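Owing to the predicted nature of the structure, the values given are computational and were not obtained by experimental measurement.
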Amino acid sequence: MIRVNIAEAKANLSRYLASVEDGETILICRRNLPVAEVRPVPKPPAEARPTGIDRGMTLPSTFFEPLPDDLLDAFEGKHGSP
C-alpha cells in the first residue's frame, strides 16, 4: 500500500492511478492522517456467466404462454373470500 499526502497525490495523480491500475492501493492522507483509499475496481469476468442454476437447463415451449385466467385473477386479488 502506498501512503501519500493530498498535495503529493494531486501533483502525481496520473502516476498513482497507473499504480492503481497495476493492482496497488493508495492511501491518501491529510497531514499524515488517512482520509481516503483508492483501490482498483474489480475486473469484469472474461466471459459472460451462464444464467440459471442448471447450466444445461431448457425452458418448455409453454413458458411464455399467458397464464390461466383464474391464476391471473388470484394475483390481482380478484378471487373469492375465504
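The NZ atom of K78 sits 9.5 Å away from the CG atom of D69 when rounded to the nearest 0.5 Å.
Residue pairs meeting the side-chain hydrogen bond (donor to acceptor under 3.5 Å, both in side chains) criterion with at least one member in residues 26-36, sequence neighbours excluded: N5-N32.
Looking at heavy atoms from C-beta onward, V38 lies out of side-chain contact with T25 at the 4.5 angstrom threshold.
I2 and I28 end up in the same hydrophobic cluster when Ile, Leu, Val, Met, Phe, Trp and Tyr side chains are linked at under 4.5 Å.
Hydrophobic cluster membership of F75, counting Ile, Leu, Val, Met, Phe, Trp and Tyr whose side-chain heavy atoms lie under 4.5 Å apart directly or via other members: L67, L71, L72. The hydrophobic cluster around L27 extends to M1, counting ILVMFWY residues whose side-chain heavy atoms fall within less than 4.5 Å of a member.
Among residues two or more places apart in sequence or in another chain, the side-chain hydrogen bond (donor to acceptor under 3.5 Å, both in side chains) test is passed with E37 by R39. L59 pairs by the side chain to side chain contact (heavy atoms under 4.5 Å, CB included) definition with M57, F63, F64, not counting sequence neighbours. For the side chain to side chain contact (heavy atoms under 4.5 Å, CB included) test, no residue two or more places apart in sequence or in another chain qualifies with P66. For T62, the side chain to side chain contact (heavy atoms under 4.5 Å, CB included) partners two or more places apart in sequence, or in a different chain, are P60, E65.
Closest non-hydrogen pair, E24 versus P40, comes out as O-CD, 3.5 Å.
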Give the table of side-chain donor-acceptor pairs shorter than 3.5 Å for residues 15-22, with sequence neighbours excluded, one pair per line with atom names and distance.
from: Y16; atom 1: OH; to: E8; atom 2: OE2; distance (Å): 3.0
from: S19; atom 1: OG; to: R15; atom 2: O; distance (Å): 3.4

